[in-house]
Amino acid sequence: REPLSASMLASALPHVQKQMIGDRLYPLIYALHSELAGKITGMLLEIDNSELLHMLESPESLNAKVEEALIMLQAHQA
Amino acid sequence: GSSVNWPPEFHPGVPWKGLQSI
């Protein structure tokens with residue numbers, strides 16, 4: 001699939017934009033943390049779309065945010 | 001607490017409702 005672009009997102013409704021990003025983000029997160037992928041993706045979708053698009057292109061940025069989300073999730077569940 | 005529903009969970013191919021309040 002071609003990379004998700006800001007112009008592709010711009011033509012969609014806000015909740016559909018998150019859906020489009022989530023569909024791209026989920027497999028990447030699933031590869032890192034299969035059991036928590038749904039929750040981590042849900043958390044990360046609260047981030048601005050422009051930053052989410054950057055994370056889709058940058059594994060380092062994505063990994064850093066996934067680790068942050070994991071820490072928050074573990075703190076929440078404790 | 002009452003926050004057991006956080007965070008909203010994403011499922012591929014299922015319409016995302018995490019931001020329904022917008």
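All values derive from a computational prediction rather than experimental measurement. Every chain is numbered from 1 and lettered A, B, ... according to where its sequence line falls, protein lines coming before strand lines.
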Quiz prompt | A:Met43/B:Trp6 under side chain to side chain contact (heavy atoms under 4.5 Å, CB included): CA gap, chis, key distance, verdict | solution = CA-CA 9 Å; A:Met43 291 170 74; B:Trp6 185 92; 3.4 Å; yes
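If you chain together hydrophobic residues whose side chains sit under 4.5 Å apart, A:Val16 and A:Leu56 fall into the same group. A:Met72 and A:Leu70 fall within the same hydrophobic cluster, where Ile, Leu, Val, Met, Phe, Trp and Tyr residues are linked whenever their side-chain heavy atoms come under 4.5 Å apart, directly or through other members.
The number of heavy atoms from other shown groups lying within 6.0 Å of CD (A:Gln77) is above 12.
The closest side-chain heavy-atom distance from B:Phe10 to A:Asp23 is below 4.5 Å. Within the 4.5 Å cutoff, the side chain of B:Pro15 has no heavy atoms near those of the A:His15 side chain.
Residues satisfying the salt bridge (Lys or Arg N to Asp or Glu O under 4.0 Å) test with A:Glu51, not counting sequence neighbours, are A:Lys65.
Here the closest heavy-atom approach between residue B:Glu9 and residue A:Gly38 is recorded as CG-C, 3.4 Å.
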